[in-house]
2 protein chains.
Amino acid sequence: MLSNTCRYAVRSIIYIGIKSSVDQLINVKKIASELDVPMQFLSKILQIYVKAGILKSFKGPTGGFSLALDPYSVSLYELVKIIDGDQIFETCVIGTKPCYSKNSNSMKCPVHDQYSAVRSQLTEFFKNETLGAIMDNYANKTDDFLML
Amino acid sequence: MLSNTCRYAVRSIIYIGIKSSVDQLINVKKIASELDVPMQFLSKILQIYVKAGILKSFKGPTGGFSLALDPYSVSLYELVKIIDGDQIFETCVIGTKPCYSKNSNSMKCPVHDQYSAVRSQLTEFFKNETLGAIMDNYANKTDDFLML
DNA sequence: GGATAAAAAGATTTTAAATTCCGGTGTTCT
DNA sequence: AGAACACCGGAATTTAAAATCTTTTTATCC
């Protein structure tokens with residue numbers, strides 16, 4: 001469904017959202033060990049989000065990462081799209097090409113009509129689920145009760 | 001979503017379902033050129049389905065493949081599971097582990113509750129969509145109107 | 001039986017994703 | 001200033017998926 005890279009990425013952003021704040025940054029070493037993700041690799045991934053403006057980064061001792069935006073304005077959709085692109089939101093399950101056209105004159109994959117309902121629900125889920133909402137979800141629960 | 005291999009596989013099975021019959025087998029060369037899939041690679045994939053009992057194969061001239069079962073008894077779910085496994089039906093979007101447990105005492109991924117509805121709809125789609133239904137769908141339409 | 005056609009199977013290569021290595025740059029602290 | 005720390009960025013390596021090569025087996029037709 002999502003690439004390895006992308007799942008690491010989203011989990012890390014959530015972790016940063018929960019654990020960091022303006023005065024409390026969190027560094028790659030910590031994230032990597034907590035989420036059990038190879039550190040150097042994670043570093044690369046976070047760089048992508050920094051460039052995309054999702055994260056802010058600070059160098060030196062006391063350095064680390066924090067969210068750059070209001071978490072309620074960041075959807076899973078955006079986070080995924082930055083890493084994996086929008087293929088899963090645009091293409092049919094079996095097809096390789098877009099095949100989501102409104103005009104019925106173009107090519108359709110064999111399960112286009114049946115799958116499009118599923119795909120739009122999937123897309124809606126990703127678009128509606130914000131980082132903020134996920135973070136709130138954690139407030140009620142104990143830490144080790146959840147999988148990150 | 002699905003692996004390259006798996007999409008080739010499903011498309012080929014559909015093609016075989018439509019084009020072949022008991023007295024009219026269809027060979028890899030034909031399928032590969034029609035669906036634009038590397039022939040030798042496709043050959044390997046079809047072997048998996050033969051072993052799984054989904055396809056029947058015959059060697060020699062006039063040889064080729066045909067369905068081994070009633071197409072209405074074969075779901076997309078089975079076809080996908082044989083190639084890609086059941087990961088997409090069992091795991092949460094962000095997590096790596098199952099996390100679909102009924103008892104709320106075990107670990108849950110951050111979006112478990114919200115995603116599970118989407119996942120079950122996805123799973124239902126794959127389970128309900130049979131090869132037979134897809135084949136019927138073709139009966140009404142012209143060939144080059146669809147994407148295979 | 002020999003030529004031909006097609007699947008089966010094992011080994012190998014190619015490609016892309018995942019991961020690591022390493023030198024560089026900016027920051028903080030003493 | 002200088003040491004330590006943490007992010008940055010390019011290159012190289014590893015791993016797994018995708019694709020190809022080659023040989024073998026089986027069946028058909030003349």
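Numbers restart at 1 for each chain; the letters A, B, ... are given by sequence-line order, proteins then strands.
In this structure, the CZ atom of A:F41 is 12 Å from the C1' atom of D:dT15, given to the nearest Å. Counting to the nearest Å, the P atom of D:dC29 and the NZ atom of B:K59 are 17 Å from each other. Computed from coordinates, the A:N4 CG to D:dT15 C1' distance equals 12 Å when rounded to whole Å. With rounding to whole Å, A:I31 atom CD1 is found 12 Å from D:dA6 atom C1'. Between the CG atom of A:L25 and the P atom of D:dC7 there is a distance of 9 Å, rounded to whole Å. As rounded to whole Å, 11 Å separates atom P of D:dA17 from atom CD of B:Q87.
OP1 or OP2 of D:dG9 has at least one side-chain nitrogen or oxygen of A:Q47 nearer than 4.0 Å. For B:T5, a side-chain nitrogen or oxygen approaches OP1 or OP2 of D:dA18 to under 4.0 Å. At D:dC8, none of the side-chain N or O atoms of A:K51 fall inside 4.0 Å of OP1 or OP2 (strictly under the cut-off).
Separating the CZ atom in A:R119 from the CZ atom in B:F125 is a distance of 10.0 Å, to the nearest 0.5 Å.
The 5' end of DNA chain C is approached more closely, in terms of each residue's nearest nucleotide, by B:P61 than by the other of B:P61 and B:V50.
Of the candidates D:dT28, D:dA18, D:dC8, the closest approach to any side-chain atom of B:S3 belongs to D:dA18. Minimum atom distance to the side chain of B:Y8 is reached by D:dA19, of the listed D:dA19, D:dC7, D:dT25. Distances from the side chain of A:K44 to the nucleotides D:dC5, D:dG10, D:dA27 place D:dG10 closest.
Using a 4.0 Å cutoff to heavy atoms of chain A, the contacted part of DNA chain C runs 5' to 3' from C:dA18 to C:dT28.
Taking both residues in full, the closest heavy atoms of A:I26 and A:I16 are given as CG2-CG1, 3.9 Å, listed atom of the first, atom of the second, then distance.
Stem regions for DNA chain D, each three or more consecutive Watson-Crick or G-U pairs with both distances under 3.5 Å and listed by first number, read C:1-30 with D:1-30.
In this structure the side chain of B:Q114 reaches within 4.5 angstrom of the side chain of A:N137, judged on heavy atoms.
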Distance-only check: which donor-acceptor pairs under 3.5 Å involve side-chain atoms of residues 38-54 of chain B, not counting sequence neighbours?
unit_1 : atom_1 : unit_2 : atom_2 : d
B:Y49  : OH     : B:L79  : O      : 2.7

